[in-house]
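Worth knowing before you read on, the calculation uses all heavy atoms, side chains too, and leaves out hydrogens, waters and symmetry mates. Each chain gets a letter, A, B and so on, in the order its sequence line appears, and its residues count up from 1.
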Amino acid sequence: MSDSGGAPWWVVVTGASQGFGAAICTELAPLLPPGSRMLGLARSQQGLATTAAAVTKANPAITFSPVVMDLATAKAMDYEATLKDHLGTGQSTPPGQALLFHNAGSLGTVKYLREMDDATRLSTYFDLNISSVILLNAAFMRLISTLSGKVIVKVINVSSLCALEPFKSWGLYCTGKAGRDMLFKVLAVEDPGVRVLNYAPGPLDTGMQVHARTMTQDDDIRKTFTSMKEEGKLLSCQSSVKKLLQFLEKDEFKSGDHVDFFEV
Amino acid sequence: MGSERGGIIELDTDSLPSPQYPADSHAARILKMSDSGGAPWWVVVTGASQGFGAAICTELAPLLPPGSRILGLARSQQGLATTAAAVTKANSAVTFSPVVMDLSTATTQDFEATLKKYLGADQSTPPSQAIIFHNAGSLGALKYLGEMDDPTYLSSYFNLNIGSVILLNAAFMRLISTLPGKVTIKVIHVSSLCAVEPFKSWGLYCTGKAGRDMLFRVLAAEYPDIRVLNYAPGPLDTNMQVKARTLTRDEELRKLMSSMKEEGKLVPCDASVKKLLQIIQKDEFKSGEHIDFFEV
């Protein structure tokens, strides 16, 4: 990745205001060629500002654009306009690499499936965790397709063990993650020129994890998460991002594969 | 508890011909008569107006104890009427309730009211088994993922193919939990090979099916007393298949679908339903498992 003479890169990170998304931004920044552009999408302006400061400190030679956006309600044209404004257009000098990290997501209501009764909530859940990913990815790929020259494109889905294994009272999250893994498998077969990775980061020490260990309805699962915290078994976002970036750099994975932090 | 698990389906399948018998056959009449004392079953089938859903209704009807109720949900009144007539012909001792409903916009209140009205209202004869077949679904726009640009469309797609399944299943389970006595619950998800393998220009359908398979695996983990099955029926000769072979954007895949039709490789709905009913009858599957027509 250390390619200081190379063409700048374009990077998009959703959920860039905290947790794993923020860590992607700050860990990746120093590895990017000068003039690279990083676009961070999230709902929290304050969180994005924190990330922006950290990125600039890590590499003042790149541009970080914080854009406040609610992915659950954004339209295709919102994505198109944002990408155009902060990355470029078909007229721009093409980047050497274009990376998109689909990181934003939510646990959703962590209750047993028999208790689900709110159609609007479910709709919003899948709007955010599945549909927004489809829309943003499509807008991103359409932009890339207008560029002249060869651009290496890498699309990373922040996945989870929950994409593979069922967890009691995590029906929404497991369903969304399993659906997303498949979504990216389809992307991989449709676009063989794009490098697609489903990366399960391991149990991270984040705000989402707090939610997991306090709100999970199932006692067994909740206790598992609580003890992981107490026993210091949660991973720092930095360590998981570092592994992801190493893996991406090696570039040996089969496009569409699901890879877990613990197996790399 | 022993013999009251639905009667007909509990008979030793080794000593009987496999249920390939016509509905009006001697075998069927014997089976029906031998369970005339059994408690009724409740059955819910979504997408009951045509295709696989209609076939579930008509194939299952003759196997049900008298007084059983089948609730068929779909958008097409005409289709439901056709199914209703076929079910009544197959077993006049079973009640079929056709209810027109758009699952993509139905609320929990809609589901609760419908279930209560057509199943739950008469509490004098509680069922011994309650089976729900989550069959309704749509292919969605068969375009490449790079062409997707309509959030309203996507929202509707997942409301139907994932959201409605969660809501209806929850309402169904809540209703059954209010009944006296032990009710065996079986939840059947009509899955697909697409839940397991990616298909070009079928991004929506694959995503929905993969998500649904996992949904039902979580259901199985949460409720060990329920029997949950993800059944992939094989490539069926239905209207959905017509769409598949005419509208699929990916040329290679579209041609594959066309040749399946031309070479007579599509599976008739009743053949696939028969296999499904045998699997359910044998009751040996692991709850939450994915089983494909071709591997049975």
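- Proximity to chain A (any heavy atom under 4.5 Å) is restricted, for F158(B), to the side chain, taken from C-beta onward.
- For L164(A), the part lying under 4.5 angstrom from a heavy atom of chain B is the backbone only.
- Residue E112(B) does not touch chain A at all, counting heavy-atom pairs closer than 4.5 Å.
- Side-chain contact between L145(B) and D191(A) is absent, with no heavy-atom pair separated by less than 4.5 Å.
- Contact annotation for A106(B): only backbone heavy atoms (N, CA, C, O) come within less than 4.5 Å of a heavy atom of chain A.
- Residues L113(A) and I166(B) share a closest heavy-atom pair of CD2-CG2, 4.4 Å.
- Here the side chains of R217(B) and C174(A) are not in contact, with every heavy-atom distance at 4.5 Å or above.
- Looking at every heavy atom in both residues, M214(B) comes nearest to A163(A) through CE-O, 3.5 Å.
- Between the side chain of R114(A) and the backbone N or O of R174(B) there is no donor-acceptor pair closer than 3.5 Å.
- Proximity to chain A (any heavy atom under 4.5 Å) is restricted, for S177(B), to the side chain, taken from C-beta onward.
- Heavy-atom pairs under 4.5 Å with chain A were tallied for S156(B), S201(B), A220(B); the largest tally goes to S201(B).
- Counting heavy-atom pairs closer than 4.5 Å to chain A, the top residue among W202(B), Y223(B), F199(B) is Y223(B).
- A distance of 6.0 Å separates NZ in K75(A) from OG1 in T152(B), rounded to the nearest 0.5 Å.
- Contact annotation for E80(A): neither backbone nor side-chain heavy atoms come within less than 4.5 Å of a heavy atom of chain B.
- With S155(B) as the fixed residue, the side-chain contact (heavy atoms from CB on, under 4.5 Å) test singles out one of T73(A), D127(A), I130(A): D127(A).
- In terms of heavy-atom pairs under 4.5 Å with chain A, the best-connected choice from T207(B), N169(B), D213(B) is T207(B).
- The side-chain heavy atoms of I162(B) and L122(A), taken from C-beta on, include no pair separated by under 4.5 Å.
- Contacts between A195(B) and chain A at a heavy-atom distance below 4.5 Å involve the backbone alone (N, CA, C, O).
- Residue with the most contacts toward chain B among F126(A), Y112(A), Y79(A), F167(A): Y112(A) (heavy-atom pairs, distance under 4.5 Å).
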